[in-house]
There are 2 protein chains.
Amino acid sequence: MGLTKTEMFTDQQNEISLFAKVLGHPARVAILQHLFKTNSCVCGDLVNEIGLAQPTISQHLKELKYLGLIKGNVEGTSVCYCINTHNWTAMKTVMTAFLNQDITENQDCC
Amino acid sequence: MGLTKTEMFTDQQNEISLFAKVLGHPARVAILQHLFKTNSCVCGDLVNEIGLAQPTISQHLKELKYLGLIKGNVEGTSVCYCINTHNWTAMKTVMTAFLNQDITENQDCC
DNA sequence: AACATTAATCGTAATATTGCAATAAATTAA
DNA sequence: TTAATTTATTGCAATATTACGATTAATGTT
């Protein structure tokens, strides 16, 4: 079906999976790393840096923006994209809590 | 095309995105949380707990196992699934390093 | 052996994702 | 205004993902 049954899961589980999903493509990982690394965060730079076609990069940027991880500002004919630090931190908190679940209890299960 | 061009990205970027991708479905998040929470990690329990059909759960377990995040042991007619703590820790290291990228430099970009 | 129980696999339908060419939209420059 | 530049959108093709019924495989039970 290709359709995730989100109604069967908690808000927290859906939130974690949505954040993970948007990080689940190497182009989006590369975009985020580039935005962290440099201040020259214009869309065209990302197209050159990453090597995918411009519409493809634009689409990935749209998803990252939809999840709130980046924000974009129009500057003349180009658009400057940057990390939304507030939302990134919020995402990091959610994901880190999930990753740091306690693993001591069921270590000897299998 | 639906086909990710992995050859354009670094091994690190592909690794991060693969880990994120497997966490990018609420059923797999729920499975992992349940395995962390309880020792009764038999496949049938997960089917009851989560509410998706048995083949669907089995498929999600397969993906988690393929990425190494869980391991399964046959116990009679049932199969006991558990967190692979070693690989979970390794994954956590990779993801945490990505999430903790320094955000001070480009805060004022946009 | 015959049956029951449990999980994996197969096959398939429906939806999602990825990628890009073509085009449109928005702004700037001449 | 016209042209140039840059990014977003549209439309589409190809592949991936999700879900589950039906079946198979594996083990245990009687």
Side-chain angles (χ1 to χ4, degrees), chain A residues 1-9 13-14 17-31 34-35 40-67 70-82 110, chain B residues 1-9 13-14 17-31 34-35 40-67 70-82 110:
Chain A
M1 297 171 176
L3 176 56
T4 298
K5 295 191 166 179
T6 56
E7 75 280 2
M8 314 184 73
F9 304 100
Q13 288 163 343
N14 283 315
S17 66
L18 282 178
F19 281 140
K21 199 173 176 182
V22 83
L23 302 179
H25 193 288
R28 293 190 290 268
V29 169
I31 288 170
H34 194 256
L35 294 185
S40 67
C41 48
V42 174
C43 176
D45 292 349
L46 291 166
V47 174
N48 293 331
E49 171 82 11
I50 291 172
L52 293 171
Q54 179 266 324
T56 307
I57 297 295
S58 194
Q59 197 170 298
H60 285 305
L61 288 168
K62 192 178 176 183
E63 289 174 65
L64 289 167
K65 199 174 173 186
Y66 180 73
L67 265 282
I70 64 172
K71 52 185 173 178
N73 258 34
V74 177
E75 290 185 354
T77 54
S78 46
V79 178
C80 172
Y81 280 102
C82 322
C110 300
Chain B
M1 297 172 175
L3 176 58
T4 298
K5 294 192 164 180
T6 56
E7 75 280 2
M8 314 186 73
F9 305 99
Q13 287 164 343
N14 284 314
S17 66
L18 282 178
F19 282 139
K21 198 173 178 183
V22 81
L23 302 179
H25 192 288
R28 293 192 288 270
V29 169
I31 287 170
H34 194 257
L35 294 185
S40 68
C41 48
V42 174
C43 176
D45 292 349
L46 292 166
V47 174
N48 292 331
E49 171 80 10
I50 291 172
L52 293 171
Q54 178 266 321
T56 307
I57 296 295
S58 194
Q59 198 170 298
H60 285 305
L61 288 169
K62 192 178 175 181
E63 288 176 65
L64 290 168
K65 200 174 171 186
Y66 180 73
L67 264 282
I70 63 173
K71 52 185 173 178
N73 258 34
V74 178
E75 291 184 354
T77 54
S78 47
V79 178
C80 173
Y81 280 102
C82 322
C110 302

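Only heavy atoms go into these numbers, but all of them, side chains included; no hydrogens, no water, no symmetry mates. Order of the sequence lines sets the chain letters (A, B, ...), proteins ahead of strands, with each chain counted from 1. If you're wondering where the values come from, they're calculated on a predicted model, not measured in any experiment.
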Describe the nucleic acid contact of A/S78 in one word from base, sugar-phosphate, nothing, applying a heavy-atom distance below 4.0 Å. sugar-phosphate
Would you kindly give the CD-to-P distance between B/Q54 and D/dA26, to the nearest whole Å? 15 Å
Separation of atom CD in A/Q59 from atom C1' in C/dA24, rounded to whole Å: 16 Å
From C-beta outward on A/H25, which listed nucleotide comes closest to its side chain: C/dG19, D/dT7, C/dT6? C/dG19
A/I50 CD1 to D/dT7 P: how many Å, rounded? 13 Å
Looking at B/S58, does any N or O in its side chain come under 4.0 Å of the phosphate oxygens OP1/OP2 on C/dA8? yes
Of the listed nucleotides C/dA8, C/dC20, C/dT9, the one nearest the side chain of A/L52: C/dC20
B/K62 side-chain proximity, nearest of C/dT9, C/dT5, C/dC20: C/dT9
Just the rounded figure in Å: distance from P of C/dT9 to CD1 of B/I57. 15 Å
Position toward the 5' end of DNA chain C (nearest nucleotide), A/G51 or B/P55: B/P55
Measure NZ/B/K5 against P/D/dA14 and give the value in whole Å, please. 15 Å
With a 4.0 Å cut-off on heavy atoms, is B/T56 in touch with a base, just the backbone sugar-phosphate, or nothing at all? base
Considering only side-chain heavy atoms of A/C43, which listed nucleotide, C/dG19, D/dT27, D/dA8, is closest? D/dA8
Interatomic distance where CD1 belongs to A/I70 and P belongs to D/dT7 [whole Å]: 13 Å
Below 4.0 angstrom from OP1 or OP2 of D/dT6, is there any side-chain N or O of A/Y81? no
What's the closest nucleotide to the A/K21 side chain, out of C/dT17, D/dA8, D/dT27? C/dT17
Any side-chain heavy atom of B/Q59 within less than 4.5 Å of one from B/K62? no
Rounded to whole Å, how long is the line connecting atom CD of A/E63 with atom C1' of D/dA8? 14 Å
Using a heavy-atom cut-off of under 4.0 Å over every strand shown, decide if A/T4 touches base, sugar-phosphate, or nothing. sugar-phosphate
What's the closest nucleotide to the side chain of B/L3 if the choices are C/dG19, D/dA8, D/dA16? D/dA16
Can you see which heavy atom on A/L35 is nearest to which on A/Y81, and at what distance? CD2-O, 3.4 Å
Enter the distance from A/I50:CD1 to B/K5:NZ here, rounded to the nearest 0.5 Å. 13.0 Å
Atom-pair distance (CD on B/E75; C1' on D/dT29), nearest Å: 18 Å
Under 4.0 Å between any heavy atoms, over every strand shown, what does A/K65 touch: base, sugar-phosphate, or nothing? Just pick one. nothing
